[in-house]
Amino acid sequence: MADYSSDEFLISVITGLLPEKGNAAVGAASPVPGSAVLLKRELTGGALRASLIQGTSNNPFTDGGRELFDAAGQGRIDVFFLGGVQIDGQANLNLVGTGEYPALERRFPGSFGSPYMYFTVPNVILFRPEHTRRVFVEKVDFISAPGVSPPDVQRIGGPKALVTELCLMSFDRDKGRFRLESVHPGHSVEEVRDNTGFDFDVPDKVPTTAEPSGEMLGVLRSKIGREIAGTYPEFAERVLGYRAELSA
Amino acid sequence: MADYSSDEFLISVITGLLPEKGNAAVGAASPVPGSAVLLKRELTGGALRASLIQGTSNNPFTDGGRELFDAAGQGRIDVFFLGGVQIDGQANLNLVGTGEYPALERRFPGSFGSPYMYFTVPNVILFRPEHTRRVFVEKVDFISAPGVSPPDVQRIGGPKALVTELCLMSFDRDKGRFRLESVHPGHSVEEVRDNTGFDFDVPDKVPTTAEPSGEMLGVLRSKIGREIAGTYPEFAERVLGYRAELSA
Amino acid sequence: MTDQTDVAALAEQVPDGALVALPPDYSFVPMELIRALIRRGVKDLHAIAVPVSGMAADLLIGAGCLRVMEAAAVSLGEAGLAPSFTRGVQDGSLTMKDSTCPAIHTALQASEKGVPFMPLGGIIGSDIVKYRNDWKVVDDPMGEGNGRILLVPAIRPDVAFVHAPLADRHGNIWVGKRHELFTIAHAAKTTLATYEELHDGDLTEDPVLSAGTIPAMYIGGLARAVEGAKPLGLAGSYGADMEHIRAYAKEARTQEGFDAYLKREVLGGQAEAAS
Amino acid sequence: MTDQTDVAALAEQVPDGALVALPPDYSFVPMELIRALIRRGVKDLHAIAVPVSGMAADLLIGAGCLRVMEAAAVSLGEAGLAPSFTRGVQDGSLTMKDSTCPAIHTALQASEKGVPFMPLGGIIGSDIVKYRNDWKVVDDPMGEGNGRILLVPAIRPDVAFVHAPLADRHGNIWVGKRHELFTIAHAAKTTLATYEELHDGDLTEDPVLSAGTIPAMYIGGLARAVEGAKPLGLAGSYGADMEHIRAYAKEARTQEGFDAYLKREVLGGQAEAAS
């Protein structure tokens, strides 16, 4: 078994969720999803296109800030990543803050494009490493983006999976519920349950999440460090051991 | 009195209608209005900005074909020019054809942006040299752009004046009628009436349209020929005696 | 990566009956691809001019490739009326959906944004509205008492056509300030592009050229076509061949004249072989 | 022609209470102009982030220049939460109008097109809609049975702010592929721009640079400001000073810390003189 860091493991888990072709976009401040998307691009020989919105490299958009959202509205973005200060059992996301809006106890930056991307991108992967009852709540204090919608609202996109430091869950849009798919090595179903504030489906047998192969780790460390350094130089150095030359 | 061609005279008449500042735009295939706008820009030291949509010189737009229309919708275009296969007494314009639509007897290119520019540009100058009952009809066969609108339709723009080979008319938007302002030298009110298929207001005394000054003709011939040649090389040579060097 | 191919193969990718978007004559029209479409014998196209067209539309109409034309105008500009268009409307063989420039831009922007319609000021009272039963005039839906407003439905072309001065090996194309081509490419399901010259490097990474670059994700097929816009011009590269266009305007006034032009200038050896 | 002036004079052109548009921190923010606005003591601004902001908004908030903030998010990115924004919302001194990125883009595009509203897909079910009484959810106004859709009203800023890498003597500015700056300039009543370098010649006539050029007709005032985006970056010219931004994020966690930063980095000698 190869030796790897927890970030490398999470990159591997996300890579395993990505399709073989199409367009995957990654928002700001997301080095782990960004690395996974660049890795999958490498593994598919470019059949999966990667767009890292933050920064100037691996960012093909040329028509300003609205192009990502327009492209999503056109149905061109197949994969996107969202997180949240709180996430609840209906996959509602809260990026605004905790307490009663608008007089919040703790204010966070805001909803960004989440309520649009969640409706337009077929495969939204929720990525939130911290797996605690503070994050995974019964009901979010503010719905930045709803997990499911009534039938009179047009919706193509939505949550597909949730990746945390403990486990991988899938989301059933018809039932409006998460389902535990696998538990990461060294963790248990009980640990997931204890740290999750909402109810979710658990199959009879819960497999252990697959570990990254040596081959995947090789590609990640040899090729993706340089690529992700254009957007996240500190992450590239700290996690993937790649030291970019100094430049603006 | 200076010697001048009929095109130079019409350029002078239009120049006299232009404001001292703001933005004047000129659509495709309009060398006479184009020359007038460039002349007025010269006479105002650049306070009146000129946009010649056709061609690449004196065309400041950089955001594609919609920018002119968007700018008009933003209220940034103060002057525009329209014509028509037929124009009627309510200043309705027909750019589509004669006969019964859609099975027209004579089909013309189409309405272009007329029904939008007519609503958004405060000073639309109608320019149609041919002054006959074939053009100036009681009622147009097809309304490409209506001259007046009911109060429940937002409208800032509309017709301000009509320039033909015979006369200058103004348009009263409240009354929805043209008014004869002046008759060009060598022509008469009767001639205008005989050749106009619609009724219009005639003041007791109809002045003769002012002729171009020698100074204006000097600027026109010395400076505007070169400018307009970038868009209308043949016109610049034929009318203003300017011969551009050969280039793509 | 967008696969590179030749112009004839690009033309094969356009199915009969497709809704195709044509740039205006001044804006990088892939005329060699238009001629290849005619040679391929494409049928029943529905063409959207963005927002006007001339040579491109007129050739397709004269060659019997178009069933429906939607445009704010079809004209050869200084060379006069578009002869096949004029004839087609007057003899009823062509269905013309009259529109107006901003309505076409707006309808494409609706598709660009993935919304089913967009509002547009003005226009109300034009007979265009009367004959467009896909358009709708409504009372201010915001309920602010702003009176009536026109809503136009999104136009989503199946295929957009562009001829670009530059393309690169990644499938990006450079069109400079012709920003309507961005809108068309975003609005259409896919874009087939020809190009003049191959650019070494990645156009999206170039600090200056990137501002005029349409990224590969919108481009479904790419083929080199040197002087591929002729007889129309390509701003910055070559001017329009006005003599050719004027001669066409005259020759194509009759269908016989058009057919002679088509055989000589478009079908070439193929017509010889088939006859 | 757009008159050239200095940054302090540009700041004088912004009236108290104005609705101002701020580009996002990665997109050519005129930080020197922001500092000049604070020095001028501007009050009661209503700021729109397009669609997010960081340093620019946070400085204005901390200095007491903003009454209302509308944004999809306010954050210092990798440097963490925006301290003055966070404090202002939590202590109720700042009114935050929460929005979402595409709603802000769409609302500006509505002003760009001169329409009072635009439709936007998605969003319905977000609590953002619940608290925005200027937004409206309606049944498909086209009557096509497409369900409910959100309509957002146009946002027309009084003033937009931009820092451009290049400007010319005609008053044109070059911003490359930062096309949101075109949209802001079109949507706003006027745009005040600072710039890094003067370009010889007319940017709109340059075959390559024109694609990234905002023409003078949108620019109401222009002043040179070398390194005018610092401590933020200017892509292609210089990077963000992350150490400065991280130190700010830490220092400004208290109002006292913010005030010390303000005195040292913004008010400078002026504060000395006044004290």
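Protein chains get the first letters and strands the later ones, always in sequence-line order, with residue 1 at the start of each. Everything numeric here is computed off the predicted structure, so don't read it as measured data.
- Of the possible polar contacts, none joining the D:Asp168 side chain to the D:Asp200 backbone as a donor-acceptor pair under 3.5 Å is found.
- Using a 4.0 Å cut-off between charged nitrogen and carboxylate oxygen, C:Lys189 and C:Asp158 count as a salt-bridge pair.
- With respect to chain C, the highest number of heavy-atom pairs below 4.5 Å among D:Pro141, D:Gly143, D:Ala235, D:Ala110 belongs to D:Pro141.
- Without hydrogens or angle criteria, D:Ser210 side chain to D:Asp206 main chain gives a donor-acceptor distance under 3.5 Å.
- Looking at D:Glu144, there are no atoms closer than 4.5 Å to chain C (heavy atoms on both sides), in backbone or side chain.
- For the pair C:Lys136 and C:Phe117, the cation-pi criterion (under 6.0 Å, within 45° of the ring axis) is not fulfilled.
- With a 4.5 angstrom heavy-atom cutoff, C:Val115 touches chain D only via side-chain atoms.
- The parts of D:Pro119 that come within reach of chain C are both its backbone and its side chain, each placing non-hydrogen atoms under 4.5 angstrom from that chain.
- Both the backbone and the side chain of D:Pro153 have a heavy atom closer than 4.5 Å to some heavy atom of chain C.
- For D:Asp140, the part sitting under 4.5 Å from any heavy atom of chain C is the side chain, from C-beta outward, and nothing else.
- Listed for the D:Asp241 side chain is a donor-acceptor partner under 3.5 Å among the backbone atoms of D:His244.
- D:His179 and C:His179 have parallel rings, their planes meeting at less than 30° on a 0 to 90° scale where 60° marks the start of perpendicular.
- Heavy atoms of D:Thr204 lying under 4.5 Å from chain C belong exclusively to its backbone.
- Contacts between D:Ile149 and chain C at a heavy-atom distance below 4.5 Å involve the side chain alone, from C-beta outward.
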